[in-house]
Amino acid sequence: MFEKILIANRGEIALRIIRTCKEMGIKTVAVYSTADRDSLHVRFADEAVCIGPPNSAHSYLNIPRIMAAIEITNADALHPGYGFLAENADFAEVCTEYGIKFIGPTPKQMRKMGDKITAKETMIKAGVPVVPGSAGLIKNIKDGKASAKKIGYPIILKATAGGGGKGMRVVWKEEDFEENWDNARNEAKASFTNDGIYLEKFVEEPRHVEIQIIGDQYGNACHLSERDCSIQRRHQKLLEESPSPFLSEELREKMGEAAIKAAKSIKYEGVGTVEFLVDKHGDFFFMEMNTRIQVEHTVTEEVINYDLIKEQIKVADGMKILGDNYTPKMHAIECRINAEDPFNDFRPNPGKITSFHSPKGQGVRVDTHVYAGMTISPYYDSMIAKVICRAQTRGEAIAKMSRALDEFIIDGIKTTIPFHQKLMKDERFISGKFDTGFLNDFDYGDPPAEW
Ligand code: MV4
């Protein structure tokens, strides 16, 4: 087993990884920027190395500085967390070249899923359902229009380097093709310096359902049930839950098998997530694969009662997985608490937290790096806490979440807590009948009096 793991991350996930390492008897190294010198991940790790200024390009994303921290602390493995360098195949390759175990998939596996068209082609070969679309990149407008006509409008243009909805355009009729084509290409070029575009049939009113998988170094893989992430705003997830209120036992089994096929086809090693779009008829299509631990892994941990970071470290150390699939035994919901103003277009709202009281009680889990007196920096992601509630049924989990949110006190900055409180009382949310468009016509209401 590894002796010392360097955690190339910050915030709640760095803390989350340190906790598991301690329980496994593994020493930890934190890295931090000058903005994070008073952070809990720095305090709770066995060693900590400052790697640069607040701007993450010069600290958490700076590969030579992270490699230097590994060198001076003698760490033998690296955990990338999520975001930052977690899906950077070149970085994973550098680690491997230096004899450091990158806790995650191999660079080759990462590259197979990094580019959308390559991923899609791999999935077609593996027999995983994908959305009907163009065969690879579209060369020009004429080529694109012909492909769209064959597939039938509406279609969606997507950037092969894409992510977060950038370079994505829905086209409802042929007259609008040209304008959307130009927009998608320009946006893709500006965001990814890669203007490769492909097209797909547009799936209307889809749900976002993702399957958590785990694979070992011997080609075995199993799934750990699904998460429903349909509650999103501008491609930012706000709430995730498991099981999905939409999935039948039969559909769960089918999607689980497809996710395992996806993982096995690339001999995937580590924890990963296969994202699917599910249409209203219950047909599902591969969207992309996340080759990292995700923010919402905690939802799965609560319904299957496993520590996924521990499993991740164990398979990185060569553990064989048994290959049993998992069925959620409980219902879990996660609300992301961001330092944002939900009554003002979710504008980031960094600043000093003057008082902080975390909800507690049976079935309530709060993952956070925040404490009273801490200043939330404008340099990083605005997520400051995750509240995860679990209960026997979805209704009870909602009631518990509602109660927990009422107990959550964060003074000094604006947060998304009031939004989630409203959501827990929303009839459509409670009914479970919603899709990824749910928040487009959500009534956010008025801010509380003290706002
Ligand atoms: C789609 C789609 C409908 N049809 N593809 C959005 C992010 C990117 N990863 C893929 N996305 C979508 N792809 C086809 N063929 C609708 C979306 C989409 C979406 C997907 C998941 C969650 C929220 C979403 C919000 C808007 C659009």
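Counting starts at 1 for both ligands and their atoms, in listed order. Here, residue 1 is the first one in the sequence, and each next residue gets the next number.
The aromatic ring centroids of Phe356 and Phe408 lie less than 6.0 Å from each other. In this structure, Phe177 has its ring center at least 6.0 angstrom away from the ring center of Tyr153.
Because its NZ or CZ atom is not both nearer than 6.0 Å to the ring centre of Phe286 and within 45° of the ring axis, Lys261 does not count as a cation-pi partner of that residue.
The atoms of ligand 1 that sit less than 4.0 Å from any heavy atom of Glu200 are 5 (N), 14 (C), 15 (N). With ligand atoms numbered from 1 in the order given, ligand 1 contributes 3 (C), 4 (N) to contacts under 4.0 Å with heavy atoms of Phe202. Remark: ligand 1 atoms within the under-4.0 Å shell around heavy atoms of Gln232 are 22 (C), 23 (C). Close approach of ligand 1 to Glu288 (heavy-atom distance below 4.0 Å) involves ligand atoms 9 (N). Contact atoms of ligand 1 toward Ile156: 1 (C), 5 (N), 14 (C), 15 (N) (distance under 4.0 Å to a heavy atom of the residue). Ligand 1 places these atoms under 4.0 Å from at least one heavy atom of His208: 21 (C), 22 (C).
Summarising the contacts of atom 25 (C) of ligand 1 with Met168, Met287, Glu210, His235, the nearest heavy atom is found in His235.
Residue contact check for ligand 1: Lys158 places a non-hydrogen atom closer than 4.0 Å to it.
Any N or O atom pair closer than 3.5 Å counts here, and Lys201 shares at least one such pair with ligand 1.
Nearest protein neighbour of atom 24 (C) of ligand 1, counting heavy atoms only, is Thr436 CB, 3.8 Å. The protein atom (non-hydrogen) at minimum distance from atom 2 (C) of ligand 1 is Leu277 CD1, 3.6 Å.
Atom NE2 of His79 is separated from atom CD1 of Ile5 by 7.5 Å, given to the nearest 0.5 angstrom.
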Trace of the ring pair (Phe, Tyr, Trp, His ring centres under 6.0 Å) decision for Phe429 with Phe434: CA-CA 7 Å; Phe429 175 70; Phe434 51 81; 5.7 Å; yes

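When the options Glu240, Gln212, His297, Glu275 are evaluated for a side-chain hydrogen bond (donor to acceptor under 3.5 Å, both in side chains) with Arg227, the one that passes is Gln212.
The pair Asp307-Arg16 meets the salt-bridge criterion, since a charged nitrogen lies less than 4.0 angstrom from a carboxylate oxygen. In this structure, Asp381 does not pair ionically with Arg336, as no charged nitrogen and carboxylate oxygen lie closer than 4.0 Å.
Both the backbone and the side chain of Val203 come within 4.0 Å of ligand 1, judged by heavy-atom distances.
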